[in-house]
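Some notes on the structure that comes next.
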There are 2 protein chains.
Amino acid sequence: MSDEQPRTRTKQAGAGGSEVLWLRDTGPRPPRRNTPLTLERIITAAIAELDAAGAERLTMRKLAERLEVTSTALYWHVATKEDLLDLALDHVVGEVPVPAPDSQPRAGLRTVLTGWRAAMLAHPWSPGLLGRPMLGPNVLARTEFIQAMLVRAGLSGVDLAAATRTLAGFVIGASMADATWRRLDDPGAIAKVRAHILDAAELYPTLSTSGFVDAAWSDDDLFVLGLERVLDLLLPA
Amino acid sequence: MSDEQPRTRTKQAGAGGSEVLWLRDTGPRPPRRNTPLTLERIITAAIAELDAAGAERLTMRKLAERLEVTSTALYWHVATKEDLLDLALDHVVGEVPVPAPDSQPRAGLRTVLTGWRAAMLAHPWSPGLLGRPMLGPNVLARTEFIQAMLVRAGLSGVDLAAATRTLAGFVIGASMADATWRRLDDPGAIAKVRAHILDAAELYPTLSTSGFVDAAWSDDDLFVLGLERVLDLLLPA
DNA sequence: ACCTGAACACCGTTCAAGT
DNA sequence: ACCTGAACACCGTTCAAGT
């Protein structure tokens, strides 16, 4: 704490191994790294960095610094930054437990979908990554579970396909919208939006009077309410 | 066509106005620009660039090149690249006409929502921008219309709030998912996904047999089908 | 096998200066 | 008012080289 020097071996000015023997560091040479770099550690650090710094402020260089390695070292474990983002997103989705396969369809769906949204909102940058192909093992496992529940509930064919899309769209859309507001950390932002819409009340007669700007109900409550109704729709009684 | 030289005035080597008078360009000096830069032109060019180059490959420098100006010139009209993206997204949404305010609720909703999705899919990079606060005038006008229709259909209070979110989420989610696939231009990509899931059929027993990987139904059909059902749900008969 | 160091080819943005 | 040119402080990524 009292020592502000970086912990990495300090580079001697102009040195290149040509230092006098007696002046060189003696004793057991310091281990190259305390903890070796692994893909797992990189992903964890990336998520931490994303949580801290926000969505597009993640940098391979800053990430490397957090891991106490060179930025170029990361490329031994990961092909590209985009790949890393895909891995981070799938990792976040993996935080949602998949319910037992013999769950009651409705209860099972309620659990995965609520959990999925919760996991993404816990990392508000993650919905912003939904535009990329979601084919990670964790995402696929949860998609598999969702379809399995729908099949067990009696759906098949087009109905099954449409229901899967409706549910996925519902979660994705809700998470994106909610995450947008949570990321808008500017404390006065909501107030500003409110004022902006109320100022143009002639343009937005409904929005300005419907409670849309008042946040009278919580994101969570509205999500659960909407989800229950959608489940009513999709699952034959 | 036969002249490969750039059309901008070529910079004389080492010149600084110190050229001999008689060797200077004579005649009417060329007009500074054929068409002056405006915010409107910048947005249009940005959309063209995004359509051509894809989502995150838009560069202020390449955009400037397309407009035959310096990249720094753009900053006189636009504060930041992010602002420009917000403007582009709102512009795209503006391509959807807002139906007449006295539309039948169900018909009106069907029209805006289908149009909204169509406009975004026409610019497959646009759903990727949905993570940013959508408060442009075009977006707000369409949100206003949606709520107006719901109110006319008899909704209010929590029901209205939940219905608005469900509809918005439905369109956003569907557009994002569909756009992802359309952007995945790799022609063999779908085949690869298919193979990947079928290879791990033990992990994905439902996905591999439900038609999920077969694209048996078109995006458009499934969207319309899902939308009708959601409208059934939300609009009291 | 795993990591460093130097280097390449870019970025977005600022700012003084020109017209 | 509107645009250019030069410059700053970064980026992601490649590649030879070290251990």
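Side chains are part of it too, since the values below use all heavy atoms of this structure and drop only hydrogens, waters and symmetry mates. Every chain is numbered from 1 and lettered A, B, ... according to where its sequence line falls, protein lines coming before strand lines.
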Value rounded to 0.5 Å, distance of CZ in A:R57 from CG in A:L50: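 Those atoms lie 11.0 Å apart.
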Atom pair CG (B:L85) and CG (B:D90), whose distance is rounded to the nearest 0.5 Å: 12.5 Å
Are any side-chain N or O atoms of [X] and backbone N or O atoms of [Y], one a donor and one an acceptor, separated by less than 3.5 Å?
X	Y	answer
A:R142	A:V96	yes
A:E144	B:T206	yes
B:K62	B:A53	no
B:E95	B:A119	no

Rounded off to whole Å, could you give me the [atom1]-to-[atom2] distance for the [X] and [N] pair?
X	N	atom1	atom2	answer
B:L67	D:dC3	CG	P	10 Å
B:D83	C:dG12	CG	P	14 Å
B:L39	D:dA1	CG	P	17 Å
A:W76	D:dT19	CH2	P	17 Å
B:L63	C:dT13	CG	C1'	15 Å
A:H77	D:dT13	NE2	P	16 Å
B:L74	D:dC2	CG	C1'	12 Å
B:Y75	C:dA16	OH	P	18 Å

Salt-bridge criterion met for B:E82 and B:R132 (N-O under 4.0 Å): yes
Strand DNA chain C in bracket notation, Watson-Crick/G-U under 3.5 Å with | for pairs to another chain: ||.|||||...|||||.||
Under 3.5 Å side-chain donor-acceptor pair for B:W125 and B:D51: yes
Verdict with reasoning, B:R183 to B:D178, per salt bridge (Lys or Arg N to Asp or Glu O under 4.0 Å): CA-CA 9 Å; B:R183 241 180 308 116; B:D178 295 345; over 6 Å; no
Distance-only donor-acceptor test (3.5 Å): side chain A:T72, base C:dG5: yes
Phosphate OP1/OP2 of D:dT13 contacted by A:T80 side-chain N/O (<4.0 Å):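 Yes.
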Under 3.5 Å, N/O pairs linking protein and nucleotides 8-11 of chain C:
unit_1 : atom_1 : unit_2 : atom_2 : d
C:dC11 : O5'    : B:T59  : OG1    : 3.4

